[in-house]
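All values below were derived from every heavy atom in this structure, side-chain atoms included, with hydrogens, water molecules and symmetry-related copies excluded. In what follows, chains are A, B, ... by sequence order, proteins preceding strands, each numbered from 1.
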4 protein chains.
Amino acid sequence: MARKRVGNKRERIIAAAAKLFGEKDYHDTTTAKIAESAGVAAGTIYIYFRSKEELLVAVFEEFLGRHMDRLREGVEREKTPRDKLMRLLTLGLELMEDNPDSARIFLSQLRQSTKMITVVVKRSSRAYKDIIEEILTECARAGVCRDVNVPAASSMLFGAFQNTVLDWVAHECSYSLTDLSGDLSEFVLHGICCESTEEKGAVQ
Amino acid sequence: MARKRVGNKRERIIAAAAKLFGEKDYHDTTTAKIAESAGVAAGTIYIYFRSKEELLVAVFEEFLGRHMDRLREGVEREKTPRDKLMRLLTLGLELMEDNPDSARIFLSQLRQSTKMITVVVKRSSRAYKDIIEEILTECARAGVCRDVNVPAASSMLFGAFQNTVLDWVAHECSYSLTDLSGDLSEFVLHGICCESTEEKGAVQ
Amino acid sequence: MARKRVGNKRERIIAAAAKLFGEKDYHDTTTAKIAESAGVAAGTIYIYFRSKEELLVAVFEEFLGRHMDRLREGVEREKTPRDKLMRLLTLGLELMEDNPDSARIFLSQLRQSTKMITVVVKRSSRAYKDIIEEILTECARAGVCRDVNVPAASSMLFGAFQNTVLDWVAHECSYSLTDLSGDLSEFVLHGICCESTEEKGAVQ
Amino acid sequence: MARKRVGNKRERIIAAAAKLFGEKDYHDTTTAKIAESAGVAAGTIYIYFRSKEELLVAVFEEFLGRHMDRLREGVEREKTPRDKLMRLLTLGLELMEDNPDSARIFLSQLRQSTKMITVVVKRSSRAYKDIIEEILTECARAGVCRDVNVPAASSMLFGAFQNTVLDWVAHECSYSLTDLSGDLSEFVLHGICCESTEEKGAVQ
DNA sequence: AATGAATGAGTCTTCATTCAT
DNA sequence: AATGAATGAAGACTCATTCAT
């Protein structure tokens with residue numbers, strides 16, 4: 001149980017940090033407030049994390065680790081590259097809708113600098129992009145995709161996705177994010193794949 | 001000449017701030033360093049700006065004010081909505097490529113919080129979005145556009161654009177940004193408009 | 001002992017502040033110097049006091065809290081209003097003589113402004129005046145006192161007292177303050193009460 | 001006229017300083033605000049005064065110089081020492097009532113430190129005390145006065161006077177100060193001179 | 001004499017981090 | 001492992017004073 005308590009503490013700190021970093025921002029959140037919110041002493045944070053910066057990184061990794069699997073899993077259950085792409089976007093929006101705090105960090109802090117953070121964040125968000133690029137490459141190979149510049153397209157897709165979520169957060173999550181699933185999918189599918197209503201009609 | 005000196009100082013401070021905010025980030029940039037880099041005394045900043053925060057806002061507005069007109073102008077010179085959209089994206093990339101410092105701020109700081117900043121930034125970036133939404137609405141009316149959710153599409157488009165620039169910045173501006181003009185235009189045009197010569201031909 | 005250490009620090013800061021505020025004045029005393037003089041780090045002050053201003057207030061309250069009881073107690077031990085008045089003045093001078101630093105603050109800072117301070121100081125010195133007015137009222141009721149305007153007389157009495165101490169402080173405490181006890185008592189007693197053995201005898 | 005303008009400026013600066021020092025306090029009043037209120041440029045102050053401190057001194061001296069003569073004159077017009085004392089107090093209160101701003105400085109700033117100021121202030125208020133001591137000595141010689149310690153009594157008298165005015169200022173000058181003339185005179189006369197209503201009756 | 005933009009030393013305060021218990 | 005009092009470096013901002021015009 002003592003062991004459990006320990007794990008408990010690390011988790012509680014990460015959870016508190018995620019909440020607070022999301023509410024304010026990295027610089028406006030003090031380690032003191034995180035400790036208080038996590039119900040631990042100020043010094044305790046430094047037993048689990050070397051620095052405040054490392055805590056932020058841990059928050060990211062926790063977020064990614066927790067969701068990336070679900071994402072990859074969901075994607076792989078689909079058969080066609082096209083469906084995979086759709087599933088990726090839909091699941092992504094669902095994930096964000098369920099974790100507004102994490103979403104906030106993912107989006108806002110993603111663009112803060114300070115060397116170390118930047119580096120780690122790049123590495124972390126790399127995971128996301130990897131999935132995207134994988135699918136796009138698959139699409140390209142399958143011929144369902146126009147001959148796009150994969151990294152560029154992946155970046156655009158990611159940007160479109162991010163901004164959709166960002167707007168939702170900026171509007172204080174006052175509407176359903178998953179309702180935009182269709183709009184986003186359509187935008188992306190048309191932007192990347194050679195599909196359109198006309199073609200669908202043609203298929204019939 | 002005295003007049004010039006004065007204007008000069010304000011400008012130099014803004015320029016120095018733009019450079020430094022872009023290199024590091026708002027919190028890692030001290031007013032002392034800005035002053036030094038601008039070649040003025042520490043206190044001088046506070047003759048022209050009420051606070052560090054207000055200086056950041058000024059940097060934004062300077063950036064927008066300087067470019068928004070060129071953007072709007074270039075767009076309006078085009079005839080068809082489709083060409084307008086293309087021109088918007090192309091010009092946007094050109095602008096960013098020519099002002100990497102401003103670009104950095106525009107992209108990174110855009111997502112920082114602190115009430116006041118957020119408010120002003122929203123107002124500022126509103127200008128950008130207004131242009132986009134205008135064009136999209138025009139496209140919709142002209143029928144060259146699928147029946148999209150204009151604000152949502154606009155947000156996605158903006159995100160795709162931003163991320164394209166962000167990647168470029170993250171790669172230390174080591175390649176030509178405008179070279180991606182074609183990729184971006186195509187992505188957006190397909191994503192939003194119901195056109196593409198190849199497909200049209202294919203349908204027939 | 002840990003408990004003692006803590007209390008010790010707060011006390012040491014207050015003592016150091018009392019000393020320095022007395023020597024220079026509020027604005028010429030830096031928090032850095034107070035910390036140094038108290039043998040603590042600069043930041044430690046802010047663990048115990050929210051601001052420099054609040055520290056000043058604490059110094060006052062410490063002073064009043066420490067002495068007011070002794071004063072009130074001594075006064076109440078006396079039987080006649082006249083003796084109470086004398087005891088008040090005598091004890092007051094003794095108190096000041098024993099705590100020159102506190103005396104300095106009590107006298108000099110008492111007349112500084114800045115809203116918050118003013119308010120608290122008014123409240124604090126109110127305690128002093130309350131005792132005085134109480135006694136005067138008692139005197140009036142007992143008929144040993146001319147028909148004076150109590151608040152006005154109290155104010156004059158307080159002023160006479162204060163200035164006596166102030167002069168002593170201005171002369172660098174180079175003479176015995178309590179030696180003036182007689183002069184002050186006589187001044188006040190004649191000024192307020194209708195008595196003096198000599199005169200009474202003379203009248204007859 | 002140019003000459004007059006100059007004199008005008010010095011005066012305007014002193015007047016503005018008197019007003020502002022009275023409203024806030026020395027440290028809360030910036031030279032910038034004084035300049036603005038006086039309708040001159042910031043640098044102009046330093047043509048007439050070597051420093052802010054020297055300006056404060058000038059304000060005092062202006063105040064004293066302007067009133068001391070009236071005071072001394074009024075006092076000398078009286079015949080008996082007792083009347084002189086009364087006139088001194090009455091005139092003093094009138095002066096204060098007519099110049100609340102100056103009064104405020106006279107009272108509050110009088111007790112601020114910073115070496116130089118203290119020194120000059122001592123010298124300045126010396127003038128006041130000189131008049132008082134003069135009269136008291138005269139009283140003593142004439143036998144209308146108990147055998148008091150003249151400097152001590154003078155100090156008490158001054159304190160009683162000051163505090164009476166201070167209370168008035170603290171109550172925002174909301175009542176008539178000169179109305180207290182009687183109370184103050186009586187307090188002082190009884191406190192120092194061997195006079196009282198009973199005695200007056202006895203004399204007859 | 002007058003201006004007012006510019007200066008830069010000086011201050012309060014915050015907060016990540018440490019360490020004795 | 002946990003605590004939380006203590007640290008002290010760092011930073012935004014103010015303002016008396018100067019000086020080129």
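- Formation of a donor-acceptor pair under 3.5 Å by the C:Asn99 side chain with backbone atoms of C:Asp101 is not found in this model.
- A side-chain donor-acceptor contact under 3.5 Å links A:Thr29 to the backbone of A:Asp25.
- With rounding to whole Å, A:Arg10 atom CZ is found 15 Å from F:dA1 atom C1'.
- Distance, D:Glu54 CD to F:dA16 P: 15 Å, rounded to whole Å.
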Would you please test D:Tyr46 and D:Thr31 for side-chain contact (heavy atoms from CB on, under 4.5 Å) and show each step? CA-CA 10 Å; D:Tyr46 290 82; D:Thr31 55; 3.6 Å; yes

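- One finds a side-chain N or O of B:Tyr48 lying less than 4.0 angstrom from the OP1 or OP2 phosphate oxygen of E:dA6.
- To the nearest angstrom, P of E:dA5 lies 17 Å from CD of B:Glu11.
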So what's the dot-bracket for DNA chain E: Watson-Crick or G-U pairs under 3.5 Å, [ ] if a pair crosses, | if it pairs off-strand? .||||||||||||||||||||

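- Protein atom CD of A:Glu36 is 13 Å distant from nucleotide atom P of F:dT3, rounded to whole Å.
- Regarding C:Ile45, its CD1 atom lies at a distance of 15 Å from the P atom of F:dA9, rounded to whole Å.
- Remark: C1' of F:dA6 and CZ of C:Phe49 are 15 Å apart, rounded to the nearest angstrom.
- One atom, CG of A:Asp25, and another, P of E:dC15, lie 12 Å apart when rounded to the nearest Å.
- If you take CZ of A:Arg12 and C1' of F:dA2, they are 12 Å apart, rounded to a whole angstrom.
- Under the rule for a salt bridge (charged side-chain N to carboxylate O under 4.0 Å, His left out), the partners of B:Lys19 that lie at least two apart in sequence or sit in another chain are B:Glu23.
- Side-chain contact between A:Lys52 and A:Val57 is absent, with no heavy-atom pair separated by less than 4.5 Å.
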Check the pair A:Phe49 / A:Arg10 against side-chain contact (heavy atoms from CB on, under 4.5 Å), numbers first and verdict last. CA-CA 9 Å; A:Phe49 307 94; A:Arg10 213 191 112 96; 3.6 Å; yes

Encode nucleotides 7-14 of chain E as B, S and - characters from 5' to 3', where the letter depends on protein heavy atoms closer than 4.0 Å: B to the base, S only to sugar-phosphate, - to neither. BB--SSBB

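- Between A:Ile34 and A:Leu55, the closest side-chain pair of non-hydrogen atoms falls below 4.5 Å.
- Checked by atom type and distance alone, the side chain of A:Glu54 pairs as donor or acceptor with a backbone atom of A:Arg50 at under 3.5 Å.
- A donor-acceptor distance shorter than 3.5 angstrom exists from the side chain of C:Tyr26 to the backbone of C:Glu53, with no hydrogens or angles considered.
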